[in-house]
Amino acid sequence: QVQLVESGGGLVQAGGSLRLSCVASGTTLGINAMGWYRQAPGKQRELVAAITSGGSTDYADFVKGRFTISRDNAKKTVHLQMNSLKPEDTAVYYCNVGRYGRTWWGQGTQVTVSS
């Protein structure tokens, strides 16, 4: 019912920036939380940041002060501005949305930060 299209991943040097975007389409009425998760090889998928329809945000400790999540409710889009990137930020980043107790995942986009 919900499709998520991500963009903005890529390869950057340490200290650089990337902006990830995720656009929801399909049956989008009722979407509440939107967020970003990441998963590095051999590690569990972990929450990076999340934002509700009302604008309340939640950040993982390892990105506080560096990443900013935002959303455009009219466009059903969530963004993740990633600044001061570190090599340990290298991972596949996944968009996630919640709607009426269900969740949907994006296909994932690779973020690679070189030293």
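T109 meets the side chain to side chain donor-acceptor pair (under 3.5 Å) test with no other residue; sequence neighbours excluded. Under the side chain to side chain donor-acceptor pair (under 3.5 Å) criterion, S17 pairs with N83, not counting sequence neighbours. The side chain to side chain donor-acceptor pair (under 3.5 Å) check on Q107 picks up nothing, with sequence neighbours excluded. Scored by the side chain to side chain donor-acceptor pair (under 3.5 Å) test, T103 finds no partners at all (sequence neighbours excluded).
The number of heavy-atom neighbours closer than 6.0 Å to CD of Q13, taken from other residues, nucleotides and ligands shown, is 12 or below.
Between Q3 and V23, the closest side-chain pair of non-hydrogen atoms is not below 4.5 Å.
Applying the side chain to side chain donor-acceptor pair (under 3.5 Å) definition to pairs two or more places apart or across chains, those involving residues 25-34 are N32-S53. Among residues at least two apart or in separate chains, disulfide bond (SG atoms under 2.5 Å apart) pairs with a member in residues 20-107 are C22-C95. Applying the salt bridge (charged side-chain N to carboxylate O under 4.0 Å, His left out) definition to pairs two or more places apart or across chains, none involves residues 100-115. Counting only residues at least two apart or on different chains, the salt bridge (charged side-chain N to carboxylate O under 4.0 Å, His left out) pairs with a member in residues 42-59 are R38-E46. Sequence neighbours left out, not one pair with a member in residues 4-32 passes ring pair (Phe, Tyr, Trp, His ring centres under 6.0 Å). Residue pairs meeting the salt bridge (charged side-chain N to carboxylate O under 4.0 Å, His left out) criterion with at least one partner in residues 63-84, sequence neighbours excluded, are D61-K64, R66-D89. Residue pairs meeting the salt bridge (charged side-chain N to carboxylate O under 4.0 Å, His left out) criterion with at least one member in residues 3-28: none, sequence neighbours excluded.
Residue V2 shares its hydrophobic cluster (ILVMFWY side chains chained together at separations under 4.5 Å) with L4, V12, L18, L20, I31, M34, W36, V48, I51, Y59, F62, V63, F67, I69, V78, L80, M82, L85, Y93, V97, W104, V111, V113.
In terms of heavy-atom proximity, P87 sits nearest to A14 at CD-CB, 4.1 Å.
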